[in-house]
Amino acid sequence: MVTEQELEKKEKRTCLYDKHVALGALISPFGGFEMPIQYAGIALEHKAVREKVGVFDVSHMGEVTVRGKDAERYIQYIFTNDIADAPIGKIYYGMMCQEDGGTVDDLLVYKMGEGDFFLVINAANIDKDWAWMQQHAEGFEVDLQNVSDFYGQIAVQGPESEYVMETVLGIPCSELLFYTVKTIGDVIVSRTGYTGEDGFEIYASVDYIRSCWDKLIEAGVQPCGLGCRDTLRFEVGLPLYGDELTEEISPIMAGLGIFVKLDKTDFIGREALLQQKTEGVAKKLVGIELADKAIPRHGYVVLKDGQPIGEVTTGYHTLSSDKSVCMALIDSKWAALGTVVFIQIRKKVFEGRVVKKKFYEKHYKK
Amino acid sequence: MAKVMEGLYYSESHEWVRVEGNEGTIGITDYAQNALGNVVYVDLPEVDDEVEAGEEFGAVESVKAASDLYAPVSGTVIEVNEALENAPELVNQDAYENWIIKVELSDKAELEQLMDSKTYEEFCTK
C-alpha cells in the first residue's frame, strides 16, 4: 500500500524519461528525479566525451529568472562572485552562502540583459534555493520566477561538440566564447558544462529539447548518463554539491576562493568567509592518491597516526589514469601536498598521499 | 539474458558455489557482473580467513559503487584468485570461469539453503 506521503516523495521524471527507457538506460533516483545513470556503460560514455562527443539529459537542473530594477544589486547580495558591470551574455560561476559561510548551493548566473538574469541551480536544491532567494529578496525591486518545470536542458559535451551543434542541430555557436550565452528565439545556448571538455548547454521548451535529443541520437551521438557525468567532473576537480560543497563546507574550505569576491559590495556570508580566508580554516578539501587499487568512496574515514582526520567526499578508480584517487575534507594541518595519510576501506587501511585535486587536465576552448 | 550454469548452487545475493568433495569454489554470477558494469577492483579475503554463510567476505567494485560479497556457505578460505588483483575485469569476461575464493566447507548441509540453476534462473527474471 502506498501512502499519500510516499506518493509526494516520488521522484519526478524529465521530459526525456521515455527516451531513456527506450534506450535501455539504467535509471536511478538523483536529486528528486528518476535519472539515467548509464546507457552503454560509464567507461565507454566517459571516453566518448573525452575523445569525441556525448549528450546528457540535465533537465533536472533548476532555473530561476531574476528581473527588475534591483536585479543586479540583489544577485550581488546573494551570490559570492562579482557581476558588477558585466557585459550582456556573460556567465558567472559562484555560490550562495549562509551567514556562517556554509554553502546553500553552487550555481551559474547568466546575464541575459540589463536587469535580466537566468540562474541555474542544482536539482536537489531547487526547493531550498527558491525559499532562500525569496526570503532574501526583501527590500529589492525584483521579480523572481522559478521556471524549473518549464525548461528542459541537454548538455552536448566533448571536443566534437561544436561540430555536432552546428551540423546536427543547426545551431551556430562557433563564435560563442567559453562561459557566454546567446538566445535564438526562446532557446538559450551557452558554452558551459560539467565535464572539463569543450561543450554546450541548451535550455528550451520540452518539445524543442525532445527534438534535439532525437536528432543527436539519430546522428550517432553517444547518450551519456549521470554516472560518467560524475567521473568526468571529478577527474577535473569540479565540486558536486552534497559532496564537496555543503551547508557545512564553505567555498573557502573547498578551495574555491577565486569565486568568492571578498572585495565587492556586501553579500550574505562575506564576514565569515573573509575571516576564513584571513585566519585560515580548520578543514580543507584535498586530493589523495592511493598506492593500491582499492577505491575510496564518499564517507570513508581518512586517518593519520591512527586517528580520524576527515572524510572522503568523492572517490574513484579514475578512467583516464588507472589510479585510485579521491577528494577528501581533512584537518588543514595535514593538507600540505605530499603528506602521507591513510584511508579506511572496509576492514583494511590503505596508504595514500595528498595531491592536487585535479586528476586530469581540462580542455576548454577559450 | 544472463548466463546461468548448471550444476552450481546459487545465493539470492548472486554468488555461486561449485562443490567438489569438501571444497567449495565461490564466484559471482553473470547476472551480478552484468548489473555491476565494469569491475575495477576485487577486495579479496586472505587464506585461512573464516567465512560464514550470509556474511560479507569481500567486495567487488565497479566504477559506480562498491558491492559487498556474501559467502553462500561457511568455511575456511584455502585459496583466493590472485589473478583478480591485477585483472579485476576478468569477472566481466567470464564470471563462472573466474572464481573469487575457494573454501573448505564447514557445513555441507548449508547447500540445501541455496538455489539450483533452474530456481536461480527464475529468481533472476522476477
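In this text, all values refer to a predicted model and were calculated from it rather than measured experimentally. Quick note on labels: first sequence line is chain A, next is B, and so on, each numbered from 1.
What you find for B:Ser62 and A:Ile295 is that their closest heavy atoms are O-CD1, 4.3 Å. Between A:Tyr300 and B:Ala66, the shortest heavy-atom contact is OH-CB, 4.3 Å. The two residues B:Leu44 and A:Lys348 have their closest heavy-atom pair at O-NZ, 3.0 Å.
At most 12 heavy atoms of other shown residues, nucleotides or ligands fall within 6.0 angstrom of atom NZ in A:Lys52. Residue B:Lys118 places its NZ atom among 12 or fewer non-hydrogen atoms of other residues, nucleotides or ligands, all under 6.0 Å distant. Residue A:Lys356 places its NZ atom among 12 or fewer non-hydrogen atoms of other residues, nucleotides or ligands, all under 6.0 Å distant.
Interatomic distance, B:Asp49 CG to A:Lys347 NZ, rounded to the nearest 0.5 Å: 7.5 Å.
Using a 4.0 Å cut-off between charged nitrogen and carboxylate oxygen, A:Arg346 and B:Glu56 do not count as a salt-bridge pair.
Counting heavy-atom pairs closer than 4.5 Å to chain B, the top residue among A:Arg297, A:Gln38, A:Lys293 is A:Arg297. Options B:Val40, B:Asp68, B:Asp43 differ in how many heavy-atom pairs under 4.5 Å they form with chain A, and the most are formed by B:Asp43.
For B:Ala65, the part lying near chain A is the backbone, with the side chain staying farther off; criterion is any non-hydrogen pair under 4.5 Å.
Contacts from residues 227-248 of chain A to chain B, taken as heavy-atom pairs separated by less than 4.5 Å, involve A:Thr231 in sequence order. Scanning residues 80-89 of chain B against chain A with a 4.5 Å heavy-atom cutoff picks out B:Glu85, B:Asn86, B:Pro88, ordered by number.
Partners of A:Lys323 according to the salt bridge (charged side-chain N to carboxylate O under 4.0 Å, His left out) rule, which considers only residues two or more places apart in sequence or in another chain, are A:Glu289.
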Pairs of donor and acceptor atoms involving the side chains of residues 15-29 of chain A, under 3.5 Å and at least two apart or interchain, shall be tabulated with distances.
residue: A:Asp18; atom: OD1; partner: A:Arg210; partner atom: NH1; Å: 2.8
residue: A:Asp18; atom: OD2; partner: A:Arg210; partner atom: NH2; Å: 3.1
residue: A:Lys19; atom: NZ; partner: A:Asp214; partner atom: OD1; Å: 3.1
residue: A:Lys19; atom: NZ; partner: A:Asp214; partner atom: OD2; Å: 3.2
residue: A:His20; atom: ND1; partner: A:Tyr39; partner atom: OH; Å: 2.8
residue: A:His20; atom: NE2; partner: A:Asp57; partner atom: OD2; Å: 2.8

Q: Kindly determine whether B:Tyr41 and A:Asp292 satisfy side chain to side chain contact (heavy atoms under 4.5 Å, CB included), including the steps that lead there.
A: CA-CA 10 Å; B:Tyr41 181 74; A:Asp292 200 276; 3.6 Å; yes
